[in-house]
2 protein chains.
Amino acid sequence: MVSRTDAPTRREQILKEAARLFAERGFHGVGVDEIGAAVGISGPGLYRHFPGKDAMLAELLVGISGQLLTGARRRLAEADGRTGASEVLDSLIEGHIDFALDDRPLITLHDRELDRLRDSDRKLVRQLQRQYVELWVEVVREAHPALTEPAARSAVHSVFGLLNSTPHLGRAGTLPGRGTTATLLHRMARGAFAAAGTPED
Amino acid sequence: MVSRTDAPTRREQILKEAARLFAERGFHGVGVDEIGAAVGISGPGLYRHFPGKDAMLAELLVGISGQLLTGARRRLAEADGRTGASEVLDSLIEGHIDFALDDRPLITLHDRELDRLRDSDRKLVRQLQRQYVELWVEVVREAHPALTEPAARSAVHSVFGLLNSTPHLGRAGTLPGRGTTATLLHRMARGAFAAAGTPED
DNA sequence: CGAACCTGTTAATGAGCGTTAACCATTGCG
DNA sequence: CGCAATGGTTAACGCTCATTAACAGGTTCG
């Protein structure tokens with residue numbers, strides 16, 4: 001097995017820089033020459049690592065969706081039976097926040113460039129996303145039984161919007177510290193779900 | 001003064017269709033021929049109404065930001081002094097939701113294609129956005145005094161993320177009715193702010 | 001009437017860009 | 001040594017696409 005602390009392979013460098021550039025200027029807005037330049041090689045050299053520009057985006061988006069789903073399943077399994085739905089929901093929220101804070105460019109891509117994929121890739125990504133949402137919906141409904149299923153689904157999408165707002169929270173300088181931001185987001189997400197499930201006044 | 005119920009002028013048609021197409025496939029993903037075809041004229045005919053493709057996007061984005069800010073100022077003035085901060089905040093939320101539900105393509109563009117603008121236009125849009133945010137921040141801090149100013153700003157951005165999630169809520173068919181959705185979003189936004197300002201456990 | 005203007009059209013231009021071709025240095029290994 | 005694999009390079013191709021040119025039908029109004 002390859003050690004986790006190895007120098008990043010050229011492929012990984014490319015994916016990372018491509019993610020950043022795609023997030024900044026959009027898929028069509030960045031040229032292969034720019035991506036190449038960002039990793040120190042130039043233009044067509046990328047084709048030694050990827051069959052094309054599309055393939056980079058596809059690998060990024062499939063990777064994101066897969067990671068999110070896998071992480072959520074792991075958290076669900078870890079807590080299965082032994083803790084309440086509310087704690088599981090907290091764990092899901094925490095996982096999503098970690099991702100949103102650590103990989104802001106990927107979060108941006110995630111809901112912005114899906115339509116640029118080949119049909120087969122797009123279908124795969126959507127399927128992964130759907131499973132991720134459904135997993136959340138089930139947990140949310142258990143934690144907030146007053147919610148109907150469509151309401152829960154809407155609430156989940158909205159909370160994703162809330163958590164995915166990290167790219168808009170100051171360009172890494174204005175952020176009041178990662179821990180503070182994570183705590184704030186977590187509280188707001190919980191508050192949003194709670195309010196969705198309790199038609200007060 | 002031109003009546004509000006006049007047939008939409010050609011310029012307005014173009015802007016509306018351009019907004020829809022830009023939101024669907026991204027600024028660079030849409031050709032001028034497509035925009036033209038969407039309003040029944042073809043390709044270069046658009047140049048009788050706009051100096052270029054960029055100008056359409058610019059007018060759309062400036063328009064959005066301006067409308068949001070103007071609406072918010074009006075709501076603030078209407079309530080000034082006579083009602084509490086909490087009611088003003090409700091009014092702001094309501095206004096933003098109306099916009100997010102009625103003009104989904106514009107909301108999408110709003111935080112997605114800003115970087116494609118000329119420097120001067122982008123600065124203008126950002127300035128309008130900043131004023132809109134600051135207006136919210138002040139009201140939020142009045143309604144939730146426990147929030148520090150940076151926390152309030154982060155909270156506002158996050159709630160924008162929540163409210164702007166409408167494009168992800170089912171392609172207009174799966175929506176449980178506009179009123180229901182608006183109410184749900186409103187409750188969640190209030191709940192999120194409340195949770196942000198009350199470090200419970 | 002007729003000149004100006006508005007709003008279209010199609011054809012041409014020219015730049016940008018993804019991709020491929022052709023070529024080359026380095027490394028590992030039988 | 002020789003040779004295949006790996007990962008680069010630069011030059012060329014071809015397509016897409018925004019923009020401009022050249023032209024034309026209608027309407028306004030002097």
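Because the structure is a prediction, the values reported are computed rather than measured. Naming convention: chains lettered A, B, ... in sequence-line order (proteins, then strands); numbering from 1 in each chain.
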Inset, instruction - Using a heavy-atom cut-off of under 4.0 Å over every strand shown, decide if A:Val39 touches base, sugar-phosphate, or nothing. - result: nothing
Inset, instruction - For DNA chain D, note the earliest and the latest nucleotide, 5' to 3', having some atom under 4.0 Å of a heavy atom belonging to chain B. - result: D:dA18 to D:dC23
Inset, instruction - Tell me what A:Gly45 touches on the nucleic acid: a base, only sugar-phosphate, or nothing, going by heavy atoms under 4.0 Å. - result: base
Inset, instruction - Could you check how far CZ of A:Phe50 sits from C1' of C:dT19, rounded to whole Å? - result: 16 Å
Legend entry - Gap between atom CG of A:Leu60 and atom NE2 of A:His110 - 0.5 Å precision: 12.0 Å
Legend entry - Rounded distance in Å - CZ (B:Arg10) to C1' (C:dT7): 9 Å
Inset, instruction - Give B:Gly43 one of three labels, base, sugar-phosphate or nothing, depending on what nucleic acid heavy atoms sit under 4.0 Å from its own. - result: nothing
Inset, instruction - Establish, with yes or no, whether the OP1 or OP2 oxygen of C:dG8 is under 4.0 angstrom from a side-chain nitrogen or oxygen of B:His49. - result: yes
Inset, instruction - Would you kindly give the CG-to-C1' distance between B:Asp33 and C:dA11, to the nearest whole Å? - result: 13 Å
Inset, instruction - Mind checking side chain to side chain contact (heavy atoms under 4.5 Å, CB included) for A:Leu76 and listing every partner two or more places apart, or none if nothing turns up? - result: A:Val88, A:Leu135, A:Val139
Inset, instruction - Keeping to residues at least two apart or across chains, list the ring pair (Phe, Tyr, Trp, His ring centres under 6.0 Å) pairs with something in residues 145-168 of chain A. - result: A:His96-A:Phe160, A:Tyr132-A:Phe160, A:Trp136-A:Phe160
Inset, instruction - Report the residues that fulfil side chain to side chain donor-acceptor pair (under 3.5 Å) with B:Arg112, sequence neighbours left out, ordered by chain and then residue number. - result: none
Inset, instruction - Kindly state each residue pair satisfying ring pair (Phe, Tyr, Trp, His ring centres under 6.0 Å) with at least one member in residues 20-46 of chain A, sequence neighbours excluded. - result: A:Phe22-A:Phe27
Legend entry - Separation of atom CG in B:Leu46 from atom C1' in C:dG8, rounded to whole Å: 11 Å
For nucleotides 21-28 of chain C, tabulate all protein N/O to nucleotide N/O atom pairs closer than 3.5 Å, reporting atom names and distance.
residue	atom	partner	partner atom	Å
C:dA22	N6	A:Arg48	NH2	3.3

Legend entry - Partner set under side chain to side chain contact (heavy atoms under 4.5 Å, CB included) for A:Gln127, not counting sequence neighbours: A:Arg130, A:Gln131
Inset, instruction - Could you list the residues that satisfy side chain to side chain donor-acceptor pair (under 3.5 Å) with A:Asp103, not counting sequence neighbours? - result: none
Legend entry - Toward the 5' end of DNA chain C, by each residue's nearest nucleotide, A:Gly29 or A:Pro51: A:Gly29
Legend entry - Rounded distance in Å - CD1 (B:Ile14) to C1' (C:dC6): 14 Å
Inset, instruction - Apply the side-chain hydrogen bond (donor to acceptor under 3.5 Å, both in side chains) test between B:Ser120 and each candidate in B:Arg122, B:Arg118, B:Lys123; give the one that qualifies. - result: B:Arg118
Inset, instruction - Taking side chain to side chain donor-acceptor pair (under 3.5 Å) as the test, write out the residues that go with B:Glu149, two or more places apart. - result: B:Arg153
Inset, instruction - State which of C:dT19, C:dT9, C:dG8 makes the closest approach to the side chain of A:Lys53. - result: C:dT19
